[in-house]
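Have a look at the structure below, then the notes.
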Amino acid sequence: MSRLPGRGLLLAAVAGLSVLVHLYGLKAPLLDYHYHRQVNTASIARNYMRGDRSLLNPRIDWEGPEDRLAATELPIYMYLYGKLWNIGGLGETWGRLLSVLASLLTAILIFLLFEREFGREPAFYGALLFSLSPLEIYFGRTVQPEALALLGLVAGLYFWDLSLEKGRPRWALALAAFGAFIAVGHKLPYALMFIPLLALTYRRLKSKAWTDVPMYVAGLVSMGLVFAWYTYASTGVYVVPTKGEQFANLFDYKRTLYFAQFLLTSRFLEVVTTYGGMVLFLIGARQVLVEKKDPFWLAWFFGTLLSTVALGYYAHSHDYTALPLVPVATGLMGVGVARLRASKTGWVRTAALLLLASVPAHAAFRIPHWYNQGLDYRARAGEAAKSVSLETDLFVTGGAAPSVLLYYLDRRGWWSNLNDESADNWPFIVEKRAAGARFVACEKRGACAEGGSLYKRLREKGRPAWDDGRLVIFTLP
């Protein structure tokens, strides 16, 4: 008999923990880890807020005055973010709130899915461990579509499992297809979900799976919509890869063995399972993958692992690509906890709780630096832009990423690595001046520091319009 309280209380605990772990840094600026992707997302969302734009018209600020379609992933997350922007005076914080909500729903669906697979107790432990995984703690509240995509992936699996029941309920089939559309539309690599979906179908229907019409219809409809979006978006200004050749440039398969080794010995061990969690994972994996040889869980784990390796350098350089490993890993970890807790030996039961507690303890030491704020030169960027320019004035900006300084200046314009002393950015500035640029703005370092080559060249044309010691703005003659 389970030693746990009722199902309602367990669900409340799962939901409460999900919200709790994502509260830290909820109202922080977007300049923590992976700030470039977060600012890109917020910039497009803000344009949805300002214009009476439909979902199909995402726009960027870093291509000068052009009001062109942004070649980006399915923009449902950014659209909702933009439409919520002005409510309650929360502004860009709505992005984090949307991600926290998506993470909350994902944790609940994970409990429900694991409950169907293993029973209530392993499901509870697995759902708790999902929210306690370092990768989920951080990326479950960042301003990017990862949390919504992961919700779509888990929803697709859960509702597809329901759709395979007697009578093949159409509502479950529709929700599964919608989940797949949301997941893959927001993150193309999440197409990996079709590997466990196929195995789930085979486990239930055996050989009839290969001729299952609802499976093919759901897949064709959901992926047809994804294909339609990316075909449409590929005609816009580059934000994320939307064409085959753009993806090929990201992978760098010459170092695949190194990337695979790093994924297994560093990322999976440190920010997916943690060291203590790895013990629980191995116990659960032995029961489910080795002893039971469950086709769904074998396909889910190894399909996700191999799909992540197949992303090559892109996965290696973006921690969040390992997020799809978190649900499957923590499901097996939950089985591990339950197996140890079922032991008749007291110290084994105690060890299970200690190993479970080690997961958040590991996260507390492993990821605090991800929350650190950087780029303090942008702190007064909005004030600076308002004091020297009009809303319609165009800027040439420097910095670490195209969207960042323009977002905080709250202006449109262009970007180049103006701080690089080894590059001659003057021809670029001259070109953009002819295209309508009125100002140059960059952090006071490198070529833009006093004594730097670009600073001296701009200073010959006149005094800075703004200089607070960290950010400098020059008017272009």
Side-chain angles (χ1 to χ4, degrees), residues 29-44 60-66 237-240 249-250 252 313 317-318 369 372-477:
L30 308 181
L31 296 175
D32 43 15
Y33 191 41
H34 278 287
Y35 64 85
H36 56 287
R37 186 64 179 87
Q38 297 190 74
V39 174
N40 276 3
T41 304
S43 180
I44 295 172
I60 61 173
D61 291 332
W62 56 94
E63 194 66 24
E66 295 187 41
V237 180
Y238 179 89
V239 177
V240 300
N249 295 332
L250 298 175
D252 187 16
Y313 177 73
S317 58
H318 294 81
H369 63 288
N372 292 345
Q373 294 286 310
L375 310 183
D376 61 351
Y377 68 88
R378 59 87 215 162
R380 300 178 64 194
E383 174 191 346
K386 287 179 181 178
S387 69
V388 304
S389 67
L390 302 174
E391 289 184 6
T392 54
D393 286 334
L394 302 175
F395 279 67
V396 176
T397 62
S403 62
V404 175
L405 187 49
L406 286 166
Y407 175 78
Y408 285 102
L409 288 166
D410 200 5
R411 295 292 184 267
R412 299 177 70 88
W414 299 270
W415 171 87
S416 184
N417 192 3
L418 301 182
N419 300 101
D420 186 0
E421 275 283 19
S422 66
D424 181 10
N425 281 294
W426 191 251
F428 178 81
I429 292 173
V430 171
E431 175 191 339
K432 300 311 177 187
R433 177 68 187 97
R438 290 287 314 281
F439 297 92
V440 172
C442 57
E443 180 186 5
K444 285 194 72 176
R445 65 174 179 83
C448 289
E450 289 188 40
S453 58
L454 184 57
Y455 184 97
K456 289 193 289 186
R457 194 151 191 178
L458 289 165
R459 185 67 179 81
E460 290 171 0
K461 309 294 182 181
R463 297 174 60 83
W466 175 275
D467 187 347
D468 62 5
R470 295 178 296 178
L471 175 68
V472 61
I473 300 176
F474 284 95
T475 303
L476 290 173

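Here the shortest heavy-atom pairing between Leu30 and Ala42 reads CD1-CB, 3.4 Å. What you find for Leu471 and Ala381 is that their closest heavy atoms are CD2-CA, 3.8 Å. Of all non-hydrogen atoms in Gln38 and Asp32, the two that sit nearest each other are NE2-OD1, 2.7 Å. Nearest heavy-atom pair, Ala401 versus His36, reported as atom, atom and distance to 0.1 Å: CB-CB, 3.7 Å. Residues Phe474 and Gly462 share a closest heavy-atom pair of CE2-O, 3.6 Å. Summarising the geometry of Val39 relative to Ser403, their closest heavy-atom pair is CG1-OG, 3.6 Å, with the distance given to 0.1 Å.
In this structure Phe439 satisfies the ring pair (Phe, Tyr, Trp, His ring centres under 6.0 Å) test together with Phe395, sequence neighbours excluded. Evaluation of the ring pair (Phe, Tyr, Trp, His ring centres under 6.0 Å) rule for Tyr33 yields Trp370 as partners, not counting sequence neighbours.
Under the 3.5 Å distance criterion, the side-chain polar atoms of Thr397 are matched with a main-chain donor or acceptor of Trp414. Asn419 contributes no side-chain N or O that, together with a main-chain N or O of Cys442, makes up a donor-acceptor pair within less than 3.5 Å. Side-chain N or O atoms of Arg378 include none that pairs as donor or acceptor with a backbone N or O of Leu406 at under 3.5 Å. Of the possible polar contacts, one joining the Ser387 side chain to the Ala384 backbone as a donor-acceptor pair under 3.5 Å is found. The closest donor-acceptor contact from the side chain of Trp415 to the backbone of Gly399 lies under 3.5 Å. A distance-only check finds no donor-acceptor pair linking the side chain of Asn425 to the backbone of Phe428 [under 3.5 Å]. A side-chain donor-acceptor contact under 3.5 Å links Arg412 to the backbone of Ile60.
Taking the side chain as every heavy atom from C-beta outward, Tyr408 and Leu31 approach each other to under 4.5 Å. Counting heavy atoms from C-beta outward, Thr475 and Val388 have side chains that stay 4.5 Å or more apart. With a 4.5 Å cut-off on side-chain heavy atoms, Trp62 and Leu405 do not count as touching. Contact of the Glu443 side chain with the Arg470 side chain is not registered, since no non-hydrogen atoms from C-beta on lie closer than 4.5 Å. The side-chain heavy atoms of Arg459 and Pro464, taken from C-beta on, include a pair separated by under 4.5 Å.
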Taking distance alone, no hydrogens or angles, what donor-acceptor pairs closer than 3.5 Å link side-chain atoms of residues 448-458 to residues at least two apart or in another chain?
unit_1 : atom_1 : unit_2 : atom_2 : d
Glu450 : OE2    : Lys444 : NZ     : 2.8
Ser453 : OG     : Glu421 : OE1    : 2.7

Could you go through Asp468 and Trp466, starting from their C-alpha distance and side-chain angles, then the distance that decides it, and tell me whether this counts as side chain to side chain contact (heavy atoms under 4.5 Å, CB included)? CA-CA 7 Å; Asp468 62 5; Trp466 175 275; 3.5 Å; yes
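Remark: the Arg438 side chain and the Ser389 side chain contain no N/O donor-acceptor pair separated by less than 3.5 Å.
Distance NZ/Lys386 to CZ/Arg380: 13.0 Å, rounded to 0.5 Å.
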